[in-house]
Amino acid sequence: HKGPYFAPLYEPLPDDVKFYYDGKPMKLNVATEEIATFYAKMLDHEYTTKEIFQNNFFYDWRKEMTSEERKKIKHLEKCDFKEMHKYFVDKNEARKALPKEEKQKLKEEADKIQEEYGYCILDGHREKIGNFKTEPPGLFRGRGDHPKMGMLKKRIMPEDVIINCSKDSQTPEPPSGHKWKEVRCDNTVTWLASWTENIQNSIKYIMLNPSSKLKGEKDWQKYEVARRLKGVVNKIRSQYRADWKSREMKKRQRSVALYFIDKLALRAGNEKEEGETADTVGCCSLRVEHIKLHPELDGQEHVVEFDFLGKDSIRYYNKVPVEKPVFKNLQLFMENKDPGDDLFDRLNTTVLNKHLQDLMDGLTAKVFRTYNASITLQEQLKALTDAEDNVAAKLLSYNRANRAVAILCNHQRATPKSFEKSMQNLQAKIDAKKEQLGEAQMELKRAKADLKAKKDVKSKAAVEKKKKLLEKIQEQLLKLNVQATDKEENKQIALGTSKLNYLDPRISVAWCKKFGVPIEKIYNKTQREKFAWAIDMADEDFEF
DNA sequence: CATACTGACTCAGAAACGTTCTT
DNA sequence: TAAGAACGTTTCTGAGTCAGTAT
């Protein structure tokens, strides 16, 4: 491979685009100016209204200033980035308004870079790389209440990059005048290049695209582990039920946690360093404040109310009736604890996974998510699909099955900005179609009357024609209604993550084959590339 | 054992981008 | 038929999981 493609260097602002401090124009040093542009570009983003973001930015920015600049620039409120902001907005619009040929030229240049840096040779095969570009410098955008939001993410230089390639291959050349941090030949890992980022001090990697053989095989393995769980899950379930009554507190906590992971598809929940990241939890890291116990709620017994922020600070809110021993155990775990205390104080992910490993080779907490997602899809497809339906209705069933999984895994999205409007538009279309339908019915009636009166060939043909038209309109209306239902149900649910990461693609491939739905209807080009192994492998009788 | 820390990998939603449909 | 809205696709990079090692 050729190593990473580096982010373009900073281009200083034209002289007429000014930064103002305390109302007066101020020429900034290039390095200072570059960081200022990061903030200026984000001016109409919500981030810049947040105090933590502002403080982190200002603190990091001042560190990079010259001492004269630092002496002068003391308050962010006195900084005026508006002109800079406008410059970037205009530039963006100008780029969008470029004539076709110019755009084509830019596209070709991008393709050339992709061609040159976007592929590698692995075991003699040319494979697509996933992310071959280094991340450009900018301001860190954490999710949720991240204590580090707004901090300066530094530019990655060749001197930061470790190259991994095989001994007998040609080592990629660093950009002229530069050196790599290190070149190594480690064939026990899959990454091609790596660097350490300065915000969390974690390593970033350049790895292969999901369509590659290597990633495909791993994906397949993942689902095979989940299928093995299918064979032992009943045993595991009776085991953890028995453990609810264990004399050991540790076992009780472990078995209740496992129940949650299995029933609710919660994530494992590693401990996190306090103050370094947003405060989010998974199963093992749940705190007392995250659940409420209701002996009775809305006519149901032993209801647990969950309310916590999970991965990416997505809220998990759910009221679940649980089995009585679970409820009793939870009461026990919460005794004499403060809201901020760990619910499972004798448990962590290491302990849990050690136990799972003993139950089944390769079993970890996340396998339950994969297993329950895939088995849910399979069951839902079976329950919802009607072989007599047309393709559109079958696709609605597929989406509904997919949606059941997304709900289980709590995959959410922000309601799209244009949702209300596009829903209205769709409704208007439906109304118009209904009117059209009424008209068509009238016309058919008239044609029939005509036929009765004349009984000639011509009017018979007219009746047939009107019948056809009516059918066509009815079908169109049905399709629109299906679309509307699908859209409404999907408002805040993200189907993509489960489709890409949790659902054994062979289930979907088999379903398509069985019900005569073209595979392109459920997987787009990229997805077909990623799931090529499954499309190859699965026939219509595949069972997860 | 408990704990801290590192490394490598999967999984996550937002935003940018490109294509298609409407007006 | 061109502009622009809507929608699907791709990119981006942050946030998890989990194993391994040192202390």
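Here is how names work: the chains are called A, B, and so on, in the same order as the sequence lines, proteins then strands, and each is numbered from 1.
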Next on the checklist: Any base atoms under 4.0 Å from A:L500, or only sugar-phosphate, or nothing? Heavy atoms, all strands.
Outcome noted: nothing

Checklist outcome for this item: Nearest-nucleotide check on DNA chain B, A:T188 vs A:R369; residue mapping nearer the 5' end is A:T188

Item to check | Cation-pi, A:Y119 ring and A:R126 (6.0 angstrom, 45 degrees) | outcome: yes

Checklist entry - Touch check for A:K354, heavy atoms < 4.0 angstrom, all strands: base, sugar-phosphate only, or nothing? => result nothing

Item to check | A:K2 to A:Y117 six-membered ring, cation-pi geometry met (6.0 Å, 45°) | outcome: yes

Item to check | Of the listed nucleotides B:dT10, C:dA15, B:dA15, the one nearest the side chain of A:K222 | outcome: B:dT10

Next on the checklist: What is the separation between atom CG on A:L139 and atom C1' on C:dG14, rounded to the nearest whole Å?
Outcome noted: 15 Å

Next on the checklist: So if I take every side-chain heavy atom of A:D312 and compare against C:dA15, B:dC9, B:dC11, which nucleotide ends up nearest?
Outcome noted: C:dA15

Next on the checklist: Using the rule side chain to side chain contact (heavy atoms under 4.5 Å, CB included), only one of A:N209, A:L122, A:I206 pairs with A:I129; which is it?
Outcome noted: A:I206

Checklist entry - Any cation-pi pair here, A:K41 with A:F88, using under 6.0 Å and within 45°? => result yes

Checklist entry - When we call it a touch if two heavy atoms are under 4.0 Å apart, what does A:G282 touch: a base, just sugar-phosphate, or nothing? => result nothing

Checklist outcome for this item: Per atom distances to the A:Q357 side chain, the nearest of B:dC11, B:dA15, C:dA19 is C:dA19

Checklist entry - Touch check for A:K366, heavy atoms < 4.0 angstrom, all strands: base, sugar-phosphate only, or nothing? => result sugar-phosphate

Checklist entry - How close or far is atom P of C:dG20 from atom CG of A:N270, stated in whole angstroms? => result 15 Å

Next on the checklist: By nearest heavy atom, map A:Q527 and A:A268 onto DNA chain C; which one lands nearer the 5' end?
Outcome noted: A:Q527

Checklist entry - So what does A:P136 hit on the nucleic acid, given a heavy-atom distance under 4.0 Å: a base, only sugar-phosphate, or nothing? => result sugar-phosphate

Next on the checklist: Taking the ring centre of each residue, are A:Y398 and A:W511 less than 6.0 Å apart?
Outcome noted: yes

Next on the checklist: Looking at A:K181 and A:D160, is there a salt bridge between them, counting it only when a charged N and a carboxylate O are closer than 4.0 Å?
Outcome noted: no

Checklist entry - So what does A:K272 touch, heavy atoms closer than 4.0 Å: a base, only the sugar-phosphate, or nothing? => result sugar-phosphate

Checklist entry - Closer to the 5' end of DNA chain B via nearest nucleotide, is it A:R267 or A:S194? => result A:S194

Checklist entry - A:I203 side chain: which of B:dA8, C:dA19, C:dA15 is closest? => result B:dA8

Next on the checklist: Any base atoms under 4.0 Å from A:Q200, or only sugar-phosphate, or nothing? Heavy atoms, all strands.
Outcome noted: sugar-phosphate

Checklist entry - How close or far is atom P of B:dG7 from atom CZ of A:R184, stated in whole angstroms? => result 9 Å

Checklist outcome for this item: To the nearest angstrom, the CG-C1' distance between A:L309 and B:dG13 comes to 15 Å

Next on the checklist: Return whichever of A:N524 or A:T349 has its heavy-atom-nearest nucleotide of DNA chain C closer to the 5' end.
Outcome noted: A:N524

Next on the checklist: Within the 4.0 Å heavy-atom criterion, would you say A:R95 contacts the bases, only the backbone, or no part of the nucleic acid?
Outcome noted: sugar-phosphate

Checklist outcome for this item: Regarding the side chain of A:T497, the nearest nucleotide among B:dA8, B:dG13, C:dG14 is B:dG13

Next on the checklist: Rounding to an integer number of Å, can you tell me how far A:Y205 OH sits from B:dT6 C1'?
Outcome noted: 8 Å

Checklist entry - When the distance from NE2 of A:H146 to C1' of B:dA14 is rounded to whole Å, what number comes out? => result 17 Å

Checklist entry - How would you label the contact of A:A414 with the nucleic acid (heavy atoms, under 4.0 Å): base, sugar-phosphate, or nothing? => result sugar-phosphate

Item to check | Nearest-neighbour nucleotide for the A:K311 side chain, B:dC9, B:dA12, C:dC12 considered | outcome: B:dA12

Checklist entry - Which part of the nucleic acid, if any, lies within reach of A:S202 when heavy atoms closer than 4.0 Å are counted: base, sugar-phosphate only, or nothing? => result nothing

Next on the checklist: Rounded to whole Å, how long is the line connecting atom NZ of A:K218 with atom C1' of C:dC18?
Outcome noted: 12 Å

Checklist entry - Nearest-Å distance, CZ (A:R413) to P (C:dT9)? => result 13 Å

Next on the checklist: Using a heavy-atom cut-off of 4.0 Å across all strands, would you classify A:K215 as base, sugar-phosphate, or nothing?
Outcome noted: sugar-phosphate

Next on the checklist: Please classify the nucleic acid contact of A:G496 as base, sugar-phosphate, or nothing, using heavy-atom distances under 4.0 Å.
Outcome noted: nothing

Next on the checklist: Quiz question: by atom type and distance under 3.5 Å, do the side chains of A:N490 and A:N399 form a donor-acceptor pair?
Outcome noted: no

